[in-house]
Amino acid sequence: MRKVVSRDGTTIAYEKAGEGPPIVLLNGSFRDHTIFDALVPELAPHCTTYVYDRRGRGQSGDAPEYAVEREIEDLEAVIQEAGGSAVVFAGSTGANLAIEAALAGAPITKLALHEPFFRVDGYPKPVWNFAKTLRVILAEDRRDEAVEHFLGGFLGFTPDTIAEWRKGPIWAMNEANAHTLAYDTEICGDYTVPVDRLAGYRTETLVLNSEGTSGWLRAAAQATAAALPNGRGIELPGAWHRIDMDVLGRVLAEFATT
C-alpha cells in the first residue's frame, strides 16, 4: 500500500486504482480498506478510487490519544493525495466521520453517505454508560467481549444474531479492530442528527439506505437527507446495512462523474 503522513505524524496507508475524477472511500466500524474490495472494480472504470485504512487499522499507524479531529486530518491527507479535492463516500460510523469532516471544511466536492449511525426520535439510543463500559472492557483487552458489547449495546443485535456473526469469516477482523470501536463511539457523539449544523452545509450530498436495512438506520438516513439543503435520499436494493454492490457502484459512479 502507498503511505501518506497525517498532520500529527501518523502514517496512513492507502490504495489507488482506476482513472477519472477522484473518489475517496471511507469505511465504518470494525473494517479496514478491504471492505471495498468488491466496490473498487465497479468504480475504477469511471473514477480514480482511493481506499485507506483508518488509523489503528490494517497497515495504518495510530497515536496514543484519540481525537475525531485527527481522523478528519487523516481524510484530508488522503484527499490531498487525490489532488486536493475529491468526492467522498462513507458508510456507517464512517459516514458520521465524513459528516464531521465536511462540516469542518474538508475539501469534499460531493458527499455520499450510507446509513450514518444516528438515532432519531422513536428509536432508543445506546444505554447511557455504553461508551464507558466499552472503554473498561478494552482497557482490559477483552476484545471478544468488546465486539459483543458493541453489537448488542450499540447495534441492538440479539444474542442469537451475535452467535451467528461469531461463526462468520469476519469475526477475526472484528476482534483485531475492536480497539477502534471506542473511536467510532466517540465519532457518533450523542447519536442525534446534527440538524442545525447540517442546515449550513451546501455541498451536494447523496444519502443512501438499503431496502432490507433496520428501521432505525432507514430513519437516520432519511433524517440526514432531509436536514441537508442540497441533500437527497435514495433507497437501493440490498440486505441489512448493505447495498447490492453492482447497484452501489453504478449509483456512485454516476454521482461522481456528473
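Quick note: residue numbers are just sequence positions, from 1.
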**Request:** Go through the structure and list residues passing salt bridge (charged side-chain N to carboxylate O under 4.0 Å, His left out) with Glu164, not counting sequence neighbours.
**Result:** Lys167
**Item:** Any residue meeting salt bridge (charged side-chain N to carboxylate O under 4.0 Å, His left out) with Asp141, in chain and number order, not counting sequence neighbours
**Value:** Arg143
**Fill in**
Across all chains, not counting sequence neighbours, the side-chain contact (heavy atoms from CB on, under 4.5 Å) partners of Val195 are Val193, Ala227
Return the set of residues passing side chain to side chain donor-acceptor pair (under 3.5 Å) with [X] (not counting sequence neighbours), or none when no residue passes.
{"X": "Arg242", "result": "none"}
{"X": "Glu42", "result": "none"}
{"X": "Glu19", "result": "none"}
{"X": "Thr34", "result": "Asp32"}

Can [Y] be reached from [X] by stepping across I, L, V, M, F, W or Y side chains whose heavy atoms are under 4.5 Å apart?
{"X": "Val51", "Y": "Leu252", "value": "yes"}
{"X": "Ile162", "Y": "Phe130", "value": "yes"}
{"X": "Leu43", "Y": "Leu236", "value": "yes"}
{"X": "Val247", "Y": "Val207", "value": "no"}
{"X": "Leu151", "Y": "Val136", "value": "no"}

**Request:** Assess the side chains of Asp160 and Thr158: does a donor N or O sit below 3.5 Å from an acceptor N or O?
**Result:** no
**Message:** Distance alone, cut at 3.5 Å: any donor-acceptor contact between the side chains of Thr93 and Ser29?
**Reply:** yes
**Message:** Assess the residue pair Phe89 and Thr49 against the criterion (side-chain contact (heavy atoms from CB on, under 4.5 Å)); give the C-alpha distance rounded to whole Å, side-chain angles, the decisive distance to 0.1 Å, and a yes or no.
**Reply:** CA-CA 10 Å; Phe89 168 68; Thr49 61; over 6 Å; no
**Request:** Check Ala253 against Cys47 and note the closest heavy-atom contact, atom names and distance.
**Result:** CA-SG, 4.4 Å
**Prompt:** What closest approach, in Å, do Asn27 and Phe36 show between heavy atoms, and which atom pair accounts for it?
**Reply:** N-CE1, 3.7 Å
**Request:** Could you tell me whether the side chain of Thr205 and the main chain of Thr203 form a donor-acceptor pair under 3.5 Å?
**Result:** yes
**Request:** Check for a donor-acceptor pair, side chain of Thr10 on one end and backbone N or O of Ser6 on the other, with a separation under 3.5 Å.
**Result:** no
What side-chain donor-acceptor pairs closer than 3.5 Å can you find for residues 99-117, not counting sequence neighbours?
residue	atom	partner	partner atom	Å
Glu100	OE1	Arg197	NH2	2.8
Glu100	OE2	Arg197	NH1	3.2
Thr109	OG1	Ala86	O	3.3
Thr109	OG1	Val87	N	3.2
Lys110	NZ	Phe255	O	2.7
Lys110	NZ	Thr258	O	2.2
Glu115	OE1	Thr213	OG1	2.9
Glu115	OE1	His241	ND1	2.6
Glu115	OE2	Ser210	N	2.9
Glu115	OE2	Ser210	OG	3.4
Glu115	OE2	Thr213	OG1	3.2

**Item:** Sequence neighbours excluded, every pair satisfying side-chain hydrogen bond (donor to acceptor under 3.5 Å, both in side chains) that has a member inside residues 117-126
**Value:** none
**Asked** With sequence neighbours left out, which residue pairs that include part of residues 60-69 fulfil the side-chain hydrogen bond (donor to acceptor under 3.5 Å, both in side chains) condition?
**Response** Asp62-Tyr183, Tyr66-Glu71
**Prompt:** With a cutoff of under 4.5 Å between side-chain heavy atoms, which Ile, Leu, Val, Met, Phe, Trp and Tyr residues group with Ile137?
**Reply:** none
**Message:** Tell me whether the count of non-hydrogen atoms from other residues, nucleotides or ligands lying under 6.0 Å of CD in Glu211 goes above 12.
**Reply:** yes
**Fill in**
For residues 160-179, the ring pair (Phe, Tyr, Trp, His ring centres under 6.0 Å) pairs (sequence neighbours left out) are Phe157-Trp165
**Item:** From Arg55, Arg7, Arg54, residue fulfilling side chain to side chain donor-acceptor pair (under 3.5 Å) relative to Asp74
**Value:** Arg55
